[in-house]
Amino acid sequence: MTQPRHAVLAALHDGPVSERTLAAKLGVPQADVQDYLDELRAIGYGIQRDETGYQITSLPAFGACIEAARPAGYQVEFHDQIASTNHRARELVTEGQVDVAVIADEQTGGRGRLDRSWTSPPGGIYLSLGLRPNLTPPQVPLLTLGAAVATATAIREAGASVGIKWPNDILTTPDELKLAGILTESATTAETSVAWTVIGIGINANTDPESLPDGATSLRALIGDVDRCHLTTHLLETFESLYEDPDTICDRWRSLTTTLGRAVRIDTGDSSIEGTATDITDTGALCVETAAGLQEITAGDCDHLRPL
Ligand code: BT5
């Protein structure tokens with residue numbers, strides 16, 4: 001197949017599409033379209049035709065979809081079950097691989113920040129990217145913001161209403177239940193350069209909310225089961241474009257966040273700071289107007305103090 005399969009899948013995903021439109025979207029002769037569809041059927045996609053055109057009627061397992069979609073830009077490694085995709089991505093990137101995406105259906109030792117755990121039952125999206133970014137260490141938090149933008153954008157496209165809570169939470173709006181979280185880990189070779197960065201993204205996709213901690217929800221509970229492969233591919237494409245043009249991340253983040261303008265309390269580990277979140281700096285630090293003046297906070301746990 002000369003066209004990337006994900007282009008065929010993207011065209012089919014948007015609903016019934018005629019053979020002629022498919023051929024035009026793919027830039028191939030109409031006579032070749034059946035070969036593309038047959039190849040997807042051989043992987044396990046149910047593709048049927050009615051009077052309005054072709055559409056996907058059933059999906060193969062998540063791993064087979066990911067293998068079929070071959071998301072551009074990353075070497076993908078899929079696991080039905082793994083301890084932690086962040087741990088595996090870190091192994092790969094420290095062995096010298098770059099631009100790897102480790103994806104799993106289930107994690108047995110999923111991790112959050114500060115050694116917290118991330119509940120990871122089957123049916124979720126557990127994704128870690130191993131990168132060697134051309135950024136200085138103080139700029140690395142931008143990648144967490146970029147991952148949050150890509151995640152929120154893909155989830156919104158799937159049909160759920162979400163916003164970003166600084167720095168790493170994807171919460172439903174307006175009730176602010178946690179749907180996804182991001183864990184960024186990095187190592188520096190010297191003060192001025194980053195050796196590697198692993199960005200881990202956990203999304204409660206096709207999981208029962210009863211299997212999640214209090215305060216969490218899933219896409220299954222909000223909008224029903226989603227095509228995890230389509231969501232993941234879209235997320236990766238958005239992240240890749242932000243990664244290539246990091247100057248665009250902050251503005252995209254501002255347009256998706258629910259933190260700015262809110263009364264917040266930030267626990268930095270050493271102190272608790274209360275005030276109004278006014279903006280982010282160009283490296284992703286949160287600007288908080290407090291009784292003692294403006295403070296820039298680079299890391300911490302943020303609570304929104306009043307409902308949306
Ligand atoms: C995070 O930490 O939100 C980062 C989560 C990153 C998970 C991904 S999955 C792929 C990759 N591989 C890994 O091992 N990790 C990454 P934090 O802000 O510290 O939030 C952790 C807190 O969220 C926990 O203490 C729980 O209160 C809550 N929590 C745990 N599992 C959850 C879930 N599935 N959904 C919503 N909240 C959860």
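Values reported hereafter were calculated over all heavy atoms of this structure, with side chains retained and with hydrogens, waters and symmetry mates removed. For ligands, and for the atoms within them, numbers begin at 1 and follow the listed sequence.
- Salt bridge status for D301 with R113: present, with a side-chain N to carboxylate O gap under 4.0 Å.
- For L212, every heavy-atom contact with ligand 1 shorter than 4.0 Å involves the side chain, none the backbone.
- Across G202, P213, G109, heavy-atom proximity to atom 8 (C) of ligand 1 is greatest for G202.
- Under the 4.0 Å criterion applied to side-chain N and carboxylate O atoms, D279 and R254 are assigned as salt-bridge partners.
- The protein atom (non-hydrogen) at minimum distance from atom 2 (O) of ligand 1 is R113 N, 3.2 Å.
- Nearest protein heavy-atom neighbour of atom 5 (C) of ligand 1: W118 CE3, 3.4 Å.
- Near T85, meaning under 4.0 Å from one of its heavy atoms, ligand 1 places the atoms 10 (C), 11 (C), 12 (N).
- Within ligand 1, counting atoms from 1 as listed, the ones closer than 4.0 Å to a heavy atom of S84 are 12 (N), 13 (C), 14 (O).
- Only side-chain heavy atoms of Q107 come within less than 4.0 Å of ligand 1; its backbone N, CA, C and O stay farther off.
- In the hydrophobic cluster analysis, where Ile, Leu, Val, Met, Phe, Trp and Tyr join through side-chain heavy atoms closer than 4.5 angstrom, I182 is grouped apart from V198.
- Listed by atom number, the atoms of ligand 1 under 4.0 Å from A216 heavy atoms are 35 (N), 36 (C), 37 (N).
- Looking at T238, its side chain never comes within 3.5 Å of a backbone N or O of L236 through a donor-acceptor pair.
- By the criterion of a heavy-atom distance under 4.0 Å, neither the backbone nor the side chain of L179 is placed next to ligand 1.
- Proximity of S117 to ligand 1, defined as any heavy-atom pair under 4.0 Å, is confined to the backbone N, CA, C and O atoms.
- Hydrophobic clustering of Ile, Leu, Val, Met, Phe, Trp and Tyr side chains at less than 4.5 Å, counting indirect connections, keeps V140 apart from F239.
- Contact annotation for atom 27 (O) of ligand 1: protein absent (non-hydrogen atoms, distance under 4.0 Å).
- Annotation: D214, atom CG; neighbour count of heavy atoms from other residues, nucleotides and ligands within 6.0 Å does not exceed 12.
- With ligand atoms numbered from 1 in the order given, ligand 1 contributes 10 (C) to contacts under 4.0 Å with heavy atoms of L127.
- If you look at D301 next to ligand 1, there are no close heavy atoms at all, none under 4.0 Å.
- Closest to atom 35 (N) of ligand 1 among all protein heavy atoms lies N204 ND2, 2.8 Å.
- Interface of G110 with ligand 1, defined as ligand atoms under 4.0 Å from a residue heavy atom, comprises 14 (O).
- In terms of N/O distances under 3.5 Å, ligand 1 is not approached by Y126.
- Every atom of ligand 1 is numbered from 1 in the order shown, and the set under 4.0 Å from a heavy atom of R111 is 5 (C), 6 (C), 7 (C), 13 (C), 14 (O), 15 (N), 16 (C).
- With a 4.0 Å cut-off on non-hydrogen atoms, L114 does not touch ligand 1 at all.
- If you check which protein heavy atom lies closest to atom 31 (N) of ligand 1, you get T119 N, 2.9 Å.
- The protein heavy-atom contact nearest to atom 25 (O) of ligand 1 is R116 CD, 3.4 Å.
- Atom CD of Q75 has 12 or fewer neighbouring heavy atoms from other residues, nucleotides or ligands inside a 6.0 Å radius.
- Cluster membership for L242 and I155, using ILVMFWY side-chain heavy atoms within less than 4.5 angstrom, is shared.
- In terms of protein heavy atoms, atom 1 (C) of ligand 1 is closest to N168 ND2, 3.6 Å.
- Closest to atom 3 (O) of ligand 1 among all protein heavy atoms lies K178 NZ, 2.8 Å.
- Side-chain contact between I47 and L12 is present, with at least one heavy-atom pair separated by less than 4.5 Å.
- Looking at K165 and E176, no side-chain N of the basic residue comes within less than 4.0 Å of a carboxylate O on the acidic one, giving no salt bridge.
- Atom CZ of R262 has more than 12 neighbouring heavy atoms from other residues, nucleotides or ligands inside a 6.0 Å radius.
- In this structure, the side chain of D208 does not engage the main chain of S211 through any donor-acceptor pair within 3.5 Å.
- For the side-chain contact (heavy atoms from CB on, under 4.5 Å) with P133, the qualifying choice from V98, L142, V194 is V194, the only one to do so.
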